[in-house]
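A quick write-up on the structure given underneath.
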Amino acid sequence: MCFLSDVSANNTILQNRILVDVDIKPITRKFYLQLDPPSLLNNLADVDRLRGKLPEGFSNAYVPLPVLNKASAVLWDSNWHATVTLAQFNGIWQIIDVEAGDTSSRHYGIAFDIGTTTVVGYLVDLTSGKTLGSAADYNGQVQYGEDILTRIYLAGSEGGRKKFQQAIVKTLNDLILRLLNEFKVFKQEISAVTVGANTTMVHLLFGLDPSRICMSPYIPVVNHPGFINAACLGLETNPLAPLYCLPGVGSYVGGDIIGGILASGMHKKTDLALFVDIGTNGEMVLGNYEWLAACAGAAGPALEGGVARHGMRAEPGAVYEVRIDKQTGEVHYKTIGSQKPRGICGSGLVDCLAELLLAGIINRAGKFKGNSKEFVVVPASETENNTAITFTQADIDNIMRTKGAVNAALEYLLESVGCKFEDIETFYAAGAFGQYLDLESAVTIGLYPDLKRDRMVRLGNSSGEGARLVLISEDCLREAEEISRSITYFELNASEVFMNKFVGSKFLPHTNLDYYPTVKKKMLARGLAVD
């Protein structure tokens, strides 16, 4: 065996692929005003004078009490030269700050992707729409429960919800403060926050009861939470800043998926496209500009490394790429951060399964040939803790269930809308897992459809990109709401057809090998299948 380093894998904050162009019309605006001072002949009240100078469409903006208390002093002290910040709340403009002088160029917002495991924040310049920087950390809720179902159960009580809400707010504030310190921005200058997150994460952020999300008929408290004041959550921003969560569709298709659709632009294209985000859940959306259909199912734990015997998160020391030499059987691997191996993460697990199949070590049912019960990926002599990193039959069985669920969901979705595998023209792989997952390995095990590779697009953190687009563009915000209203959502938990397909889907890459022509060709060439 040999060890190959790859420094580039140490980049844990993904760079998003921008697929759509937008006009910069952020959900907050700043206007520099030069007002005529009051006099005996011009005796308008201070705030009325201010509002009367705002551009058309903003002069009737609501002024909350904290701004009423502040505005007069700022105007008098600044010789009537001031900058006004306005924010949109559900279609109504509100003045959230008044500053002395011209501060219109210092206009910032933060877009968050709140994942079950990881949270990423992006500091955005709202004058240009550009991302100035990003910061990431583990979701603080992980300490109380790694998976969604555990968190839903523990959040069944008011005390549990409070604990989870405090944990995620602390994570958000930690990221905000890191970005503010790095880019020398004051918290009062953060005038808006947007969030892309799954339905459960939105509930836990707002302190809502998520317990019905996982109970028939699987109905959340809210899919379209709209705008709230950042102060309601105690965020380290302008307390009057709006916080907007992208709308969801159902219990298992949330705002993170709406953000992904928005970022991909698939809802505007004529080609039939498939969008897949495999994380803690496996969500998929099929459609084009005429229609969109979506479904979701539990997928992630086995692929996040948490279920495998030597599984781990995608951290330094995790084996993320595996290759088996078809001639010698020698294993080549790469680790994140070029460090000594400590375990194997999701992309490494998918590689292992694909390579074992193509090497003829396991059969299409995912079973080891002969008497083997595990495969040594890294010998003990090469690991950090002198313990061999192995890939076991139990690990394979867990991934086969996950892979089978994705297969069955896609088949069910295609069948429900009257389409076939070969009708899919473009494939979008979303999320951190999709960013690092080897496309060939994913196709080989049947996790991704077998399409032309130039039609397979890695989106990276499309949830965070969707949140950024909504932050900088009112048009994108309206698009996101329209997308959420137009999607037909299929609830797999209630489908006997899905369960039947799932039972018959546990073959590599699929029960019907003809669905995967390139994999079939490889297997035929190696004598692993018959035509």
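Just so you know, these numbers come straight off a predicted model, no measurement behind them.
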With sequence neighbours left out, what residues match [X] under salt bridge (charged side-chain N to carboxylate O under 4.0 Å, His left out)?
{"X": "Lys367", "result": "Asp397"}
{"X": "Arg455", "result": "Asp271"}
{"X": "Asp438", "result": "Arg323"}

Can you list the residues that meet the side-chain contact (heavy atoms from CB on, under 4.5 Å) rule with [X], with sequence neighbours excluded?
{"X": "Lys163", "value": "Tyr144"}
{"X": "Glu182", "value": "none"}
{"X": "Ala354", "value": "Ser441, Thr444, Ile445"}

Does atom [atom1] of [X] have more than 12 heavy-atom neighbours from other groups under 6.0 Å away?
{"X": "Tyr489", "atom1": "OH", "result": "yes"}
{"X": "Arg212", "atom1": "CZ", "result": "no"}
{"X": "Phe368", "atom1": "CZ", "result": "yes"}
{"X": "Gln143", "atom1": "CD", "result": "yes"}

Review point. Any side-chain heavy-atom pair from Asp137 and Thr118 closer than 4.5 angstrom?
Key: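 A side-chain contact under 4.5 Å is absent here.
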Pairs touching [range] that satisfy salt bridge (charged side-chain N to carboxylate O under 4.0 Å, His left out), sequence neighbours left out:
{"range": "residues 505-521", "answer": "Asp514-Lys520, Lys520-Asp531"}
{"range": "residues 246-260", "answer": "none"}
{"range": "residues 412-425", "answer": "Glu415-Lys501"}
{"range": "residues 165-175", "answer": "Lys170-Asp174"}

Review point. Thinking salt bridges, do Glu321 and Lys334 make one under a 4.0 Å N-O criterion?
Key: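 Answer for the salt bridge query: yes.
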Check your understanding: Should the pair Glu440-Lys522 be classified as a salt bridge under the 4.0 Å nitrogen-to-oxygen rule?
Key ->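 Salt bridge: yes.
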Practice item. Among residues two or more places apart or on two chains, list those pairs meeting ring pair (Phe, Tyr, Trp, His ring centres under 6.0 Å) that have a residue in residues 511-531. Key: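 Counting only pairs at least two positions apart or across chains, the ring pair (Phe, Tyr, Trp, His ring centres under 6.0 Å) contacts touching residues 511-531 are Phe421-Tyr515, His510-Tyr515.
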**Study point:** Pairs where residues 339-363 contributes a residue and the test ring pair (Phe, Tyr, Trp, His ring centres under 6.0 Å) is met, not counting sequence neighbours
**Key:**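 Qualifying pairs, neighbours excluded: none.
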